[in-house]
Amino acid sequence: MIYETVRWKMADDRICAEFAGNKGLMPGKLRLIDQTLLPEKLEYVESDDIAEIHSFIKRLVVRGAPAIGAAAALGLAAAMQKSGADSRESFMCELRRSADYLASSRPTAVNLFWALGRCVDALKKSDADSPDTLKEKLLEEAFSILNEDMLLCENIGKNGATLLKDGMTVLTHCNAGALATCGIGTALAPIYIAHSRGLKIKVYADETRPLLQGARLTAWELDKAGIDVTVICDNMAGFLMGKGRIDLVITGADRIAANGDSANKIGTYSLAVLARHHKVPFYIAAPYSTIDMNINDGTAIPIEERAGEEISRSFGKQTAPPTVKIFNPAFDVTPHELISGIITEKGLILPPYKDGLKRYGLQLL
Ligand code: MRU
């Protein structure tokens, strides 16, 4: 059996994500699109090995905050199906060890810790004694994370689509689409919904240096969905805004602090500054699983630093002298003052965010 996240299929000229899994059928494997190969090749990887699943997340085979969370949960469930533990205690001990290990794969997206924590908590709360029952419950929780995320995306899409009018042009950064979630994405969800309602929306996708998630992934999935997409280099956004060619910016987020400060792919902060200068509304789209009410502001968000070779040897080519120093933070934090609104599954949250988040019940996490 295969536990799938983000599997693409063509249906009536439309792209949709398909998620399958037959609960109760054990053992199984996590299956993912290998996003490092897109757009050249659409290939899948499969595993039930915890070290391999850790490496899928670390190497960005699967990436994007909600997809990381779901992949970790399903990966944990897949790996734990093989457990030989003969008591509740030894099963729980192995589960915590594996969850802690997967949690060390990437530091910024809070969805990873949220999803793993949710799986461990579900089993802690269960009074099941037998490892077989615990295995089933774990699988059930992992699938509910996946199914719930699909619904969250849909609702983010519906709420965000209220900001879009026929003929609008949206700029986005990185990939916060179907490839980054279990559904139709976060930042791209409003665009998919508007498109399905017959609105013509034009999208500019920042290529998103250094790993080109915008050019490789956002452009790929929007193009497959028949949406008008144009790739630009990251340093062209100001030029386009200056020409009045961008109506709206929408990006995703990896972690949102209680005051609305939002971590997202490096370069998002610069976009927000540009948007403010040019009076272009700047929105973040994210589900509750991305909101971290345990931190007051963005200074507490850990920012992942990745290998310098991602910049100095871009896609196998020497793109900076091998002797120079490289600094490669993968995310930045956009201060809440620069964010026009946060599009969530429960509605559009407007500043002041602390009050807004409370009103939507998101403080309960
Ligand atoms: O390093 P990545 O590709 O995992 O970064 C992804 C992003 O920054 C996304 O915008 C964010 O995770 C939101 S995905 C719905």
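Both ligands and their constituent atoms are indexed starting at 1 by order of listing.
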side-chain contact (heavy atoms from CB on, under 4.5 Å) between Ile256 and Tyr353, intermediate numbers included:
CA-CA 10 Å; Ile256 301 177; Tyr353 293 112; over 6 Å; no

Are Ile284 and Phe282 close enough, and set up right, to give a side-chain contact (heavy atoms from CB on, under 4.5 Å), and what steps lead you there?
CA-CA 7 Å; Ile284 294 277; Phe282 177 94; 3.9 Å; yes

Show every donor-acceptor pair shorter than 3.5 Å between a side-chain atom in residues 54-80 and any protein atom, with sequence neighbours excluded, or say none if there are none.
{"residue": "His54", "atom": "NE2", "partner": "Tyr101", "partner atom": "O", "Å": "3.4"}
{"residue": "His54", "atom": "NE2", "partner": "Ser104", "partner atom": "OG", "Å": "3.1"}
{"residue": "Ser55", "atom": "OG", "partner": "Arg59", "partner atom": "NE", "Å": "3.0"}
{"residue": "Arg63", "atom": "NH1", "partner": "Gln35", "partner atom": "OE1", "Å": "3.1"}
{"residue": "Arg63", "atom": "NH1", "partner": "Asn175", "partner atom": "OD1", "Å": "3.0"}
{"residue": "Arg63", "atom": "NH2", "partner": "Asn175", "partner atom": "O", "Å": "2.8"}

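Sorted by chain then number, the residues whose non-hydrogen atoms approach ligand 1 to under 4.0 Å are Arg63, Gly64, Ala65, Pro66, Arg106, Cys174, Asn175, Ala176, Ala180, Thr181, Thr186, Gln213, Ala253, Asp254, Asn264, Lys265, Phe331.
Checking Ser314 against Arg209 by side-chain atom types alone, a donor-acceptor pair falls below 3.5 Å. Checking Ser144 against Arg118 by side-chain atom types alone, a donor-acceptor pair falls below 3.5 Å.
A salt bridge links Glu310 with Arg306; the closest basic N to acidic carboxylate O contact falls under 4.0 Å.
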